[in-house]
Amino acid sequence: MRKTLVAGNWKMNGRAAASRELVEQVLAGLAEVDRDLVDVLVCPPSVYLAQVCQQVEGQAVANAPLVVGGQNLCEFADGAYTGEVSAEMLVDIGCKAVIIGHSERRALFGDDDARIAAKLKAALQAGLMPLLCVGETLAERDSGAALDVVGHQLRSALAGIEAADMAQVVVAYEPVWAIGTGRTATPEQAQEVHAYLRSVLADMFATVSDQVRIVYGGSVNAANASELFAQADIDGGLVGGASLKANEFLTICQ
Ligand code: PEP
């Protein structure tokens, strides 16, 4: 059975004190969450990652740690890459996961298919759990191309990955038109895409496709999470805005 994953993407929000307070509140509230059923991950801005990693260190809640991940990484290892952060640096400070290919990075920072594939490989090589984001724009959905778009994104990012490494990979379906807009995909719309993504995984990695978690992202909140997560192929959520409010995030986890 696939264990539900709830991941918070804080994006470029907060300051040191606010990050500390949010993590304190989440750690306190996780005592009420059945951690046998759900893994919980937070992805703070890179400058606060070390602080958050230190804060959660040794704070296992009901035998399951609050996992910390980056929002991005550089596909290269050490060297002359001004402003970048490598996979090994994330591991070095205690991160266990990283978001790759978020639509904001694809649209605003030039993360194309080739770079996303390289970043995913770098994450796996360093032992990080990559959350690979795929998703169509509104124009692509309206023209009937949603499945083709996400299928292409998935295939190109995972080309050359060994089936044995897929247990570590999480796929996040994030329709661009639902991110930060308050307009959530209906459970049926999301399930249709998740089932399709799983069929692509089955085509690429027959033996492990049932084990790969596919989470949904796009205006997930405390009111809509349970209906979305109840769908057969939706294994949790990647949560943006609602992950900045501890109560809302904890309700989603519950
Ligand atoms: C996201 O940024 O990954 C996201 C899903 O944002 P929001 O929940 O705010 O739509």
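Computed from a predicted structure; not experimentally measured. One-based numbering along the sequence shown. Both ligands and their constituent atoms are indexed starting at 1 by order of listing.
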G180 to ligand 1, any heavy atom closer than 4.0 Å: yes

Any A172 heavy atom less than 4.0 Å from ligand 1: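 Checking ligand 1 against A172, which is what was asked, there is no heavy-atom contact under 4.0 Å.
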
Which of the ligand 1 atoms, numbered from 1, are nearer than 4.0 Å to a heavy atom of [X]:
X: A178; result: 10 (O)
X: G218; result: 5 (C), 10 (O)
X: K11; result: 1 (C), 2 (O), 6 (O)
X: S219; result: 7 (P), 8 (O), 10 (O)

Of all the non-hydrogen atoms in the protein, which one sits nearest to [atom], and at what distance?
atom: atom 8 (O) of ligand 1; result: G240 N, 2.8 Å
atom: atom 3 (O) of ligand 1; result: E174 OE2, 2.7 Å
atom: atom 9 (O) of ligand 1; result: G241 N, 2.8 Å

Measure the acute angle between the ring planes of Y216 and H194, then classify it against the limits of 30° and 60° as parallel, tilted or perpendicular.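 Tilted.
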
Side chain, backbone, both or neither: which part of N9 comes within less than 4.0 Å of ligand 1 when only heavy atoms are counted?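 For N9, the contact with ligand 1 is made by the side chain alone.
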
Presence of salt bridge, D235 and R198, under 4.0 angstrom: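 Yes, charged N to carboxylate O under 4.0 Å.
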
Consider every N or O of [X] and every N or O of ligand 1, then say whether any pair is closer than 3.5 Å.
X: E104; result: no
X: H102; result: yes
X: L238; result: no

Other residues, nucleotides and ligands only: do more than 12 of their heavy atoms fall within 6.0 Å of CD on E188?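 More than 12 within 6.0 Å, yes.
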
Taking atom CG as the centre, does D34 end up with more than 12 heavy-atom neighbours from other residues, nucleotides or ligands that are less than 6.0 angstrom away?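 Counting neighbours around CG of D34, more than 12 heavy atoms of other residues, nucleotides or ligands fall under 6.0 Å, so yes.
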
Classify the side-chain pair D113/H152 by whether it contains a donor and acceptor separated by less than 3.5 Å.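 On atom types as modelled, these side chains qualify, holding a pair under 3.5 Å.
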
Can you name the residues that form a side chain to side chain donor-acceptor pair (under 3.5 Å) with K11, not counting sequence neighbours?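 K11 satisfies side chain to side chain donor-acceptor pair (under 3.5 Å) with E104 once adjacent residues are dropped.
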
How long is the span from the CG atom in D111 to the CD1 atom in I100, to the nearest 0.5 Å? 9.5 Å

